[in-house]
Colleague: 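I have a structure here, written as structure tokens, and I will follow up with some questions on it.
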Amino acid sequence: MAENPQSNKSNKKALRIVLGIIFLIIFICCCVYIGFNLYDRFVPETEYTDRTVITQDSTDNKTTVENPIDFTTLQQGNSDIYAWIRIEDTKVDYPIVQSPDSDSFYLKHSAEDKSWLSRGAIYTEGSNTKTFLDPVTVVYGHNGYSDTMFTTLHKFEDKEFFDSHEYFYVYLPGRRLTYQVVSAFKYDDRHIMNSFNFYYGSDLQNFQNIVMNPESMLKNVRTQLDTEIDENSKIIVLSTCITGQKTNRYLVCGVLVKDEKTN
């Protein structure tokens, strides 16, 4: 039976319409996805601004110091919040969380209410306690989401900034921990807590040697410290990515020099 040219033409036209609709749907979906991610990366942060009260910390003639963090209100929103980190002249001013169920949860979820958030949160993993009394505590945060999370840790690549920003603070309910920045450097992407047994003397010493004298072309190191680093030291490692370098991390390492009670 001969094909009907008119029917053939109609079928082709219908096919073109269907394909056009499919491509239009795909295009719209792609635009929505890209728009959402761009918004999530560059929207100004409004979280937490009403959760802290800025006070002037001072230890003059006091047995305790002020704690500017309202942990009671924060923990009503998310009980996984247990600490707060603040580094002057950076955007690092965030709660620290730890999930009891999944080490990767806060890679893509907000500390404020556990909602999905591509830039995630500042967090520790279950291999660390929540006391900051472990020999080494590793704190993770994303890089590259505008200047949020740990992106501005890269300011420590500048020697002048490194030299002039010697200390940072971690607050817990009832405590303020002061850390002196020992070094900031490029490292590989190994999982630090799984690569070293910090309760084994030689492993701890090896890692402390890395912190004090990193083998990296991109590094800044402070040689004059307020305290000697030894087997009793408490080291904190702030870890983030390096843009365009998937197999490397940027680490800012500090040693605990003061543990104060807060009111």
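The residues of the chain are indexed from 1 along the displayed sequence. Note that the structure is predicted; figures quoted are calculated from it, not measured.
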Colleague: Given side chains that start at C-beta, do those of I192 and L251 come closer than 4.5 Å, heavy atoms only?
Modeller: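 The answer is yes; the side chains approach within 4.5 Å.
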Colleague: Quick one: which of T151, D147, T152 gives a side-chain hydrogen bond (donor to acceptor under 3.5 Å, both in side chains) with K91?
Modeller: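 Exactly one option meets the side-chain hydrogen bond (donor to acceptor under 3.5 Å, both in side chains) with K91, and it is D147.
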Colleague: Just jot down the salt bridge (Lys or Arg N to Asp or Glu O under 4.0 Å) partners of D103, sequence neighbours excluded, or say none.
Modeller: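 With sequence neighbours excluded, D103 shows a salt bridge (Lys or Arg N to Asp or Glu O under 4.0 Å) to no residue whatsoever.
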Colleague: Please determine whether the number of non-hydrogen atoms from other residues, nucleotides or ligands lying under 6.0 Å from atom NZ of K159 exceeds 12.
Modeller: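 No, the 6.0 Å shell around NZ holds no more than 12 heavy atoms from other groups.
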Colleague: Can you see whether S99 engages D101 through a side-chain donor-acceptor pair at a distance of less than 3.5 angstrom?
Modeller: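 Their side chains do not contain a donor-acceptor pair, so the 3.5 Å distance test is not met.
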Colleague: I'd like to know if the side chain of S146 pairs up with that of T148 as donor and acceptor (distance under 3.5 Å, no hydrogens or angles considered).
Modeller: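 Side-chain D/A pair, S146 to T148: absent.
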Colleague: Check ring-ring contact (aromatic ring centres under 6.0 Å, His included) between Y167 and all other residues, then give those that pass, not counting sequence neighbours.
Modeller: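 With sequence neighbours excluded, Y167 shows a ring-ring contact (aromatic ring centres under 6.0 Å, His included) to no residue whatsoever.
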Colleague: Establish, yes or no, whether a centroid distance under 6.0 Å links the rings of Y179 and Y169.
Modeller: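 No - the distance between ring centres of Y179 and Y169 does not fall below the 6.0 Å cut-off.
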Colleague: Is there side-chain contact between F198 and M193, with heavy atoms separated by less than 4.5 Å?
Modeller: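 Yes, close enough: below the 4.5 Å cut-off.
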Colleague: Consider only side-chain heavy atoms of I, L, V, M, F, W and Y, link residues closer than 4.5 Å, and tell whether L204 and M212 are in one cluster.
Modeller: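 Same cluster.
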Colleague: Answer yes or no: is there an ion pair linking K155 with D89, defined by an N-O contact shorter than 4.0 Å?
Modeller: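 D89 and K155: not salt-bridged.
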Colleague: Could you tell me if T240 and N143 have a donor-acceptor pair between their side chains, going purely by distance under 3.5 Å?
Modeller: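 No pair is found: no donor N or O on one side chain lies under 3.5 Å from an acceptor on the other.
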Colleague: Return the minimal non-hydrogen interatomic distance between Q98 and E125, and the atom names on each side.
Modeller: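 Smallest interatomic distance, heavy atoms only, reads NE2-O, 3.0 Å.
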Colleague: Can you spot which of V252, I85, L238 makes a side chain to side chain contact (heavy atoms under 4.5 Å, CB included) with V92?
Modeller: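 It is I85, the one option of V252, I85, L238 that forms the side chain to side chain contact (heavy atoms under 4.5 Å, CB included) with V92.
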Colleague: Using only heavy-atom distances, determine whether the side chains of Y106 and D80 contain a donor-acceptor pair under 3.5 Å.
Modeller: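 The answer is yes; a qualifying pair exists.
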Colleague: Validate the cation-pi geometry between R222 and F162: distance from NZ or CZ to the six-membered ring centre under 6.0 Å, angle to the ring axis within 45°.
Modeller: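 Relative to the ring axis of F162, which defines the angle, R222 lies inside both limits.
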Colleague: Can T124 and Y82 be counted as having a side-chain donor-acceptor contact under 3.5 angstrom?
Modeller: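 Y82 and T124 do have a side-chain donor-acceptor pair below 3.5 Å.
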Colleague: Do any pairs count as a salt bridge (charged side-chain N to carboxylate O under 4.0 Å, His left out) and have a residue in residues 185-211, sequence neighbours left out, and if so which ones?
Modeller: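 Output for this query lists D188-R190.
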Colleague: Side chains of T129 and D134: do they bring a donor and an acceptor to under 3.5 Å?
Modeller: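 Checked: T129/D134 side chains pair up, N/O donor to acceptor below 3.5 Å.
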Colleague: Taking the ring of Y145 and the ring of H142, is the distance between their centroids below 6.0 Å?
Modeller: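 Centroid distance H142-Y145: below 6.0 Å, so yes.
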